[in-house]
S.K.: 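Pasting a structure below so you can have a look.
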Number of protein chains: 2
Amino acid sequence: MAPTRLSPPDLLAILEDRGYRITGPRRDVVRLLERKGEGFGAEQLCGELPSVGRATIYRTVRLLLEAGILCKLALPNGAPKYTLARFDHHHHTVCTQCGTVGDFRDSTMERLMRAIGAEIPGQIVGHRLEVYITCQGCLDR
Amino acid sequence: MAPTRLSPPDLLAILEDRGYRITGPRRDVVRLLERKGEGFGAEQLCGELPSVGRATIYRTVRLLLEAGILCKLALPNGAPKYTLARFDHHHHTVCTQCGTVGDFRDSTMERLMRAIGAEIPGQIVGHRLEVYITCQGCLDR
DNA sequence: CAATTAATGATACAAAGTATCACTAGATGG
DNA sequence: CCATCTAGTGATACTTTGTATCATTAATTG
Ligand SMILES: [Mn+2]
Ligand SMILES: [Mn+2]
Ligand SMILES: [Zn+2]
Ligand SMILES: [Zn+2]
């Protein structure tokens, strides 16, 4: 399973398919995201794209979230971070030292989640797992 | 493993052991928490304890968090919710319809987390799992 | 019952995000 | 192409959630 990295035209096409216009600001945001690593904040994007209004940044992030292009990572404190969604369903590692975010998938985990249904009242509709780590960089340092 | 529910005197004793004073406002907050179900917000507590200053509510919540008496539940959107921590380590169910929060523990999950260490770069220092459900009440309704 | 010092709460401030609305600029069809 | 239509933009104001300050209050200790 190669990390299916989508290029900006692809991402814009997804928006277009949903009936949204391809505008200058949206192009700018998507281009910026493409160059970005894992785990960026909305306010950070505002700082790096001063030519685009803050409201538009937030609107575009919401749009990309709804389109499944971004995933939102609610941290234990502070503003949420976003990452380009490379896989349909996956989880995240967060370094508690430096905040670096990584992706991973684990099929055993998904199987277990199905099994867990029996222990839980009601019907499972989804789940979210965050693994807190000290990343390699922080271990070395 | 019986759900070890602690009473307000116990909770206050934990604070006292940590060198904090037992004050009127802290007593009020703890008493309120005791009567509360799972999953309440800080702002909600402010509304229900107008006699206690907002700053003090937030300070007390932080204190109880640090003491391990509360757990903080970062939701995918909106303000975090808190619950009385009945177990040392556990996870939460959140009903996506009505927001009701529940606790659970799963030893298989914990074992799996240890195994997952091999797949992940760096060193695991913790994890957090939220299971999104439609609760029994919402299914019935 | 002082004296000491932690805690309180009014207030101001900060950060993150949303609503408004006059204006701009994509899309579309002639 | 151009004119039209409407989605999108961005300045601004506002809301929500949470924190910093600081004069005042009250819990502890002896
Ligand atoms: Mn991701
Ligand atoms: Mn809990
Ligand atoms: Zn790190
Ligand atoms: Zn429900």
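Scope of the values below: all heavy atoms of this structure, side chains included, with no hydrogens, waters or symmetry mates. Numbers restart at 1 for each chain; the letters A, B, ... are given by sequence-line order, proteins then strands.
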S.K.: Base, sugar-phosphate, or nothing for T60(B), non-hydrogen atoms under 4.0 angstrom?
M.R.: nothing
S.K.: Minimum heavy-atom separation for A85(B) to H90(B), with atom names?
M.R.: CA-CE1, 4.2 Å
S.K.: Search all heavy atoms of A42(B) against all heavy atoms of I57(B) and return the closest pair with its distance.
M.R.: O-CG2, 3.9 Å
S.K.: How bent is the helix from dC1(C)-dG30(D) to dG30(C)-dC1(D), measuring the angle between the end axes built from five pairs each, rounded to 10°?
M.R.: 40°
S.K.: Just to confirm, is there a sub-4.0 Å distance from OP1 or OP2 of dG17(C) to any side-chain nitrogen or oxygen of R62(A)?
M.R.: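 Answer is no, no contact under 4.0 Å.
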S.K.: Once you round it to whole Å, what is the distance between C1' of dA16(C) and CD of Q44(A)?
M.R.: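 Rounded to whole Å, this separation is 14 Å.
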S.K.: Minimum heavy-atom separation for I14(B) to A67(B), with atom names?
M.R.: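 Looking at all heavy atoms of both residues, the closest pair is CG2-CB, 4.2 Å.
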S.K.: Looking at side-chain heavy atoms only, is the closest gap between R105(B) and E119(A) below 4.5 Å?
M.R.: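 No - every pair of side-chain heavy atoms lies 4.5 Å or more apart.
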S.K.: Considering non-hydrogen atoms only, spot the tightest contact between M109(B) and L112(A) and give its length.
M.R.: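 Residues M109(B) and L112(A), closest heavy atoms: CA-CD2, 3.5 Å.
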S.K.: Hydrogens and angles aside, do D103(A) and H91(A) bring a side-chain donor and acceptor to less than 3.5 Å of each other?
M.R.: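 No, H91(A) and D103(A) have no side-chain donor paired with an acceptor closer than 3.5 Å.
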S.K.: Which residues in residues 15-23 of chain A have at least one heavy atom lying under 4.0 Å from any atom of DNA chain D?
M.R.: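 By residue number: Y20(A), R21(A), T23(A).
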S.K.: Does anyone know the first and last nucleotide of DNA chain D in reach of chain B, 5' to 3', at under 4.0 angstrom to a heavy atom?
M.R.: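 Range of nucleotides within reach of chain B: dT17(D) to dT28(D).
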S.K.: Is any N or O donor-acceptor pair between the side chain of R54(A) and the base of dG17(C) shorter than 3.5 Å?
M.R.: yes
S.K.: Using side-chain heavy atoms (C-beta onward) and a distance below 4.5 Å, is V131(B) in contact with V94(B)?
M.R.: no
S.K.: Taking side chain as C-beta onward, heavy atoms only, is V30(A) less than 4.5 Å from I69(A)?
M.R.: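 No, side chains not in contact.
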S.K.: Tell me: OH of Y58(B) to P of dA14(C), nearest whole Å?
M.R.: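 Rounding to the nearest Å, OH of Y58(B) and P of dA14(C) are 18 Å apart.
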S.K.: Toward the 5' end of DNA chain D, which comes first, L63(A) or K72(B), by nearest nucleotide?
M.R.: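 Nearer the 5' end of the strand: L63(A).
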S.K.: Can you see which heavy atom on E48(B) is nearest to which on P50(B), and at what distance?
M.R.: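 The pair with the smallest heavy-atom distance is C-CD, 3.4 Å.
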S.K.: Should E38(B) and R86(B) count as an ion pair when the cut-off is N to O under 4.0 Å?
M.R.: yes
